Asker: 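The structure that follows is given in the form of structure tokens.
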Amino acid sequence: MRIVAVFEKGERIRHIGHLDIQRAVQRGLRRSDLPVAYSAGFNPHILVSFASALSTGASGKREIMDVGMAGEVTAQEFIERMNRAMPPEMQISEARLVEDRHPAMMALLTAASYDLTVYGDGTAETLIRAIPGLLARDIVPAMRKTKTGLKECDIRPLIYQLKAEGNTIRAVLALTEREACKPNMLIAALKEEAGITDDPRILTVRTQLYGTGADGKLQPLETL
Amino acid sequence: MELNEKIEGVLEFVQKAPRYTGGEMNTAVKAWDQCPLHFGFCFPDTYEIGMSHLGLKILYGLINREEWSLCERFFMPWVDMMEQMERENIPLFSMESRHPLRDFEVVGFTLQYEMSYSNIPAMLKMGGVPVLSRDRGEEDPIVVAGGPCAFNPEPLADIIEAFMIGDGEDVMTELNRVILRRKQEGLTREECLRELSRLEGVYVPSLYTVEYHEDGTIAAVTPKDAEVPPVVRKRVVPDLNDTYYPEEIPVPYTEVVFDRIMLEIMRGCTRGCRFCQAGILYRPVRERSMETLISLAEKLVSATGYEEISLSSLSSGDYSCLPELIRELMKRLKDKRVSISLPSLRIDSVLKESLEETQQVKKSSLTFAPEAGTQRLRDVINKGVTEEDLLEKVRDAFEGGWSSVKLYFMDGLPTETREDLDGIADLARKVVNEYFRLPKEKRMKGLRVTVSASTFVPKPFTPFQWEAQDTIPQVQEKQEYLKQILSIKGVKFNWHEPHLSFLEACFARGDRRMGKVLLTAWQKGCILDGWNDQFHFDRWMDAFRENGLDPAFYANRKREKDEILPWDHIDSGVSKEFLWREKEKSEKALTTKDCRLGCNGCGLQTWKGVCGFANRSGV
């Protein structure tokens with residue numbers, strides 16, 4: 001049995017890196033005293049994985065952990081015990097039991113939505129004005145970080161949705177193990193489109209992770 | 001709220017932002033308005049160092065436990081953050097509620113080592129608190145300090161208004177109560193400090209005047225009037241089982257230096273090594289009972305989720321039922337997959353049996369501290385360890401599957417000769433030989449012997465408090481020699497920056513005039529001196545010159561028996577006569593037995609009931 005749980009990475013701890021978030025969840029699970037499963041071997045660790053690593057500097061409203069269980073527990077019990085064991089910035093909002101053979105959340109991930117709040121006088125307006133132009137292009141070249149270095153790619157097909165509200169840019173972007181448009185790639189493209197060179201201060205919040213349903217439409221990942 | 005925005009704005013531009021963001025598990029978020037007393041706990045070094053410190057965790061829990069008081073943490077920001085804060089006009093703010101330091105009624109520094117002193121004026125300034133006591137007004141916080149370096153408070157006498165000497169657990173609450181009265185009953189600053197000076201273990205430097213002889217030595221330290229105690233006696237908590245110990249401690253998100261549960265199994269040490277200041281300051285030895293420790297360990301594991309517990313004390317191997325304790329802890333914590341480590345193994349007290357038990361859970365490198373290279377010099381410093389002891393333990397360790405050994409030594413100990421330095425290389429070579437003597441299939445691969453030599457720093461309240469430190473050129477010559485003779489296959493040699501040890505010696509035995517040097521050096525930009533890349537020795541030397549003081553007077557001068565030492569009005573419980581007796585014995589290479597084998601009359605036997613070994617005769 002496994003538990004798929006939705007948790008928050010609060011704004012205050014957005015500078016905590018993914019490895020440290022993993023360790024914080026491991027320790028939270030240990031504090032919770034839930035019947036979690038451990039790996040075999042010399043240095044046993046709890047069998048927990050994450051649907052997607054969230055960058056240092058970004059917060060997440062609905063991140064997903066996938067926890068192996070060694071004993072019976074209800075979803076409600078999981079939420080209650082974990083929320084007592086986790087700091088206020090990392091609370092759990094939903095949980096669901098899945099069978100061991102259920103595909104890993106990581107493998108089902110196809111996209112994510114982001115709120116990108118832009119600070120600085122006029123910067124948000126300038127970037128937002130560049131959205132229609134960007135969307136009208138056939139190709140949007142961007143640099144993608146890979147293990148072997150920077151590689152050029154086209155992010156236009158990876159932008160599923162792009163709109164604005166106030167000084168916040170709302171985007172739904174592709175996110176799979178094979179190809180992804182990271183928020184910083186989108187911002188770089190918008191900057192180019194708008195003709196600005198300074199780096200604006202942007203607060204990045206990942207609001208939802210998505211998978212693709214049987215109908216081919218994006219669906220919240222935790223429901224798949 | 002505006003401050004919060006500013007802080008969030010600069011965090012994007014600094015390295016290691018988690019040093020400043022807080023929100024860790026088990027950090028207190030008490031309602032500011034509901035606590036009349038706010039205590040700003042200042043650790044004058046970076047987050048990673050401060051969050052590794054046990055004393056912080058004890059006092060943090062202890063102050064927050066009281067309904068009426070709240071404790072929040074402050075650390076020294078790194079230079080990149082300091083620049084950002086200065087540019088954006090952000091004051092030093094607390095980790096929890098982000099209040100500026102000046103908003104707290106009490107500002108408390110912990111003094112763990114001398115080379116953090118320049119961070120104290122820096123933190124006060126950034127926090128909007130006047131750096132010098134005499135410049136603080138009725139609206140400003142009371143600035144206090146404690147910790148081992150408070151035993152010689154004089155170099156900080158112009159900055160710190162009240163020092164807590166000795167164990168902090170009891171006096172902390174008493175001090176906070178007095179400062180609460182300042183707020184609630186409208187005591188003036190002056191009245192408040194007077195009240196504080198009446199507490200046992202509290203030293204208020206402004207109530208004393210110091211006069212000097214022409215040669216710079218002290219002529220007299222005089223209390224201002226009859227109400228001020230001529231001597232301030234350290235505080236001792238008599239029974240650790242009745243003393244507060246936190247049952248939950250903050251768990252940092254990012255890795256800090258000691259990222260584990262620290263279980264203080266006892267306080268104090270009965271060995272009497274003559275260079276060791278902690279061994280005197282934390283006397284007498286008090287053990288926590290096994291029942292207390294096991295219950296604490298279980299609670300701490302549940303509250304933190306940590307994977308590791310270290311048993312901490314000055315000499316954990318001396319804990320009277322160590323094997324039983326380890327066995328019991330392992331039994332109880334096995335299902336939780338918690339490993340147990342012993343940080344300060346003393347080579348003559350660790351049982352083979354318990355070595356094997358720790359290794360079952362985790363195998364790390366083993367540390368031994370022979371401190372000196374020959375038996376003669378080990379007798380001089382009263383380090384009751386023989387070569388046979390050491391080699392036997394090393395052999396056991398190698399047989400038990402260890403391949404990594406650390407050996408700690410000091411250079412510049414009193415009476416040291418070339419022969420003693422040669423002894424260090426001899427010992428290292430013998431350790432290497434022990435490894436190769438084992439058949440190949442029985443030893444673990446990858447022998448690593450690390451030899452570290454630190455420079456001896458004479459400290460107050462030790463038998464060597466009258467001794468001269470080697471000059472920097474002398475130290476450098478010795479280090480060069482050691483580098484040469486320690487180029488042995490399988491051995492790595494580390495040494496300490498001698499300029500830093502020299503300055504440490506100046507502050508360790510400094511008088512009030514050192515406060516001027518500190519202030520000048522800080523004004524010249526000295527901060528974070530403990531970090532090699534931030535240390536500017538030349539600025540410090542300029543600061544000495546500008547204040548007309550000679551650093552050699554403090555570091556390299558042998559003191560006479562009748563000299564009034566700057567800390568003579570602080571009573572550690574160990575008498576000056578005992579220390580002098582020990583110094584004389586050291587000159588003849590005569591050893592003094594462990595207190596557990598019979599009372600040596602250090603002075604604490606006259607404090608009723610505090611020492612369990614007092615007046616006991618030999619066995």
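Please read all numbers here as calculations on a predicted model, not as lab measurements.
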Asker: Relative to chain A, which segment of B:D259 carries a heavy atom at a distance below 4.5 Å: side chain, backbone, both, or neither?
Answerer: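 Both backbone and side chain.
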Asker: Given a strict heavy-atom distance threshold of 4.5 Å, which part of B:T27 is in contact with chain A: side chain, backbone, both, or neither?
Answerer: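 B:T27 has no heavy atom closer than 4.5 Å to chain A.
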Asker: Side chain, backbone, both or neither: which part of B:K336 has a heavy atom under 4.5 Å from chain A?
Answerer: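 Both parts, backbone and side chain.
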Asker: Assess whether atom OH of A:Y160 is packed by more than 12 heavy atoms of other residues, nucleotides or ligands within 6.0 Å.
Answerer: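 Above 12, so yes.
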Asker: Who among B:E12, B:K16, B:E24 has the most heavy-atom pairs with chain A under 4.5 Å?
Answerer: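 Highest number of heavy-atom pairs under 4.5 Å: B:E12.
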Asker: Which heavy atom in B:E96 sits nearest to a heavy atom in A:R12, and how many Å separate them?
Answerer: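 Answer, listing the atom of B:E96 first, then A:R12: O-NH2, 3.0 Å.
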Asker: Taking all non-hydrogen atoms of both residues into account, name the closest pair between B:M25 and A:R84 and its distance.
Answerer: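 Where B:M25 meets A:R84 most closely, the heavy atoms are CE-O, 4.1 Å.
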Asker: Locate the shortest heavy-atom distance separating B:G22 from A:I13; write the atom from each residue and the value.
Answerer: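 In this case the closest contact between B:G22 and A:I13 is O-CG2, 4.2 Å.
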Asker: Would you name the heavy atoms of B:Y306 and A:R30 that are closest together and state the gap between them?
Answerer: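 Answer, listing the atom of B:Y306 first, then A:R30: O-NH2, 3.1 Å.
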Asker: Applying a heavy-atom distance below 4.5 Å, give me the residues of residues 163-174 of chain A that approach chain B, sorted by number.
Answerer: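 Listed by number: none.
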Asker: Nearest 0.5 angstrom please: B:F13 CZ to A:D199 CG, how far?
Answerer: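 Separation between the atoms: 8.0 Å.
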Asker: Is the count of non-hydrogen atoms from other residues, nucleotides or ligands lying under 6.0 Å from A:K182 atom NZ greater than 12?
Answerer: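 Result for NZ/A:K182: open.
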Asker: Any chance CZ of B:R65 has more than 12 other-residue heavy atoms, nucleotides or ligands included, within less than 6.0 Å?
Answerer: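 Enclosed.
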Asker: Using a cut-off of under 4.5 Å on heavy-atom pairs, state which of B:N26, B:V301, B:L11, B:V29 scores highest against chain A.
Answerer: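 Most heavy-atom pairs within the cutoff with chain A belong to B:L11.
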Asker: Tell me the closest heavy-atom pair linking A:R31 and B:V251, and the distance in Å.
Answerer: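 So the two residues come closest at NH1-CG2, 4.3 Å.
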Asker: Anything in residues 85-99 of chain A with a heavy-atom distance to chain B below 4.5 Å? Please list those residues in order.
Answerer: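 The residues closer than 4.5 Å to chain B, in numerical order, are A:A85, A:M86, A:P87, A:E89, A:M90.
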Asker: Surrounding CD of A:E192 (heavy atoms of other residues, nucleotides or ligands, distance under 6.0 Å), is the total greater than 12?
Answerer: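 Counting other residues, nucleotides and ligands, CD of A:E192 stays at 12 neighbours or fewer.
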Asker: Checking A:Y119 against B:E5 for the side-chain contact (heavy atoms from CB on, under 4.5 Å) test, could you report, in this order, the C-alpha distance in whole Å, the side-chain angles of both residues, the deciding distance, and whether it holds?
Answerer: CA-CA 11 Å; A:Y119 293 84; B:E5 281 295 301; 4.2 Å; yes
Asker: Under a 4.0 Å threshold between the charged nitrogen and the carboxylate oxygen, would B:E8 count as salt-bridged to A:R14?
Answerer: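 Salt bridge present between A:R14 and B:E8.
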Asker: List the atom of A:H15, the atom of B:T21, and the distance in Å for their closest heavy-atom pair.
Answerer: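 Heavy atoms of A:H15 and B:T21 come nearest at CD2-CG2, 4.3 Å.
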Asker: Between A:R23 and chain B, with a heavy-atom cut-off of 4.5 Å, which part of the residue counts as in contact: side chain, backbone, both or neither?
Answerer: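 A:R23 touches chain B through side-chain heavy atoms alone.
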Asker: So how far is it from A:D20 CG to B:Y253 OH, rounded to the nearest 0.5 Å?
Answerer: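 If we round to the nearest 0.5 Å, A:D20:CG and B:Y253:OH are 10.0 Å apart.
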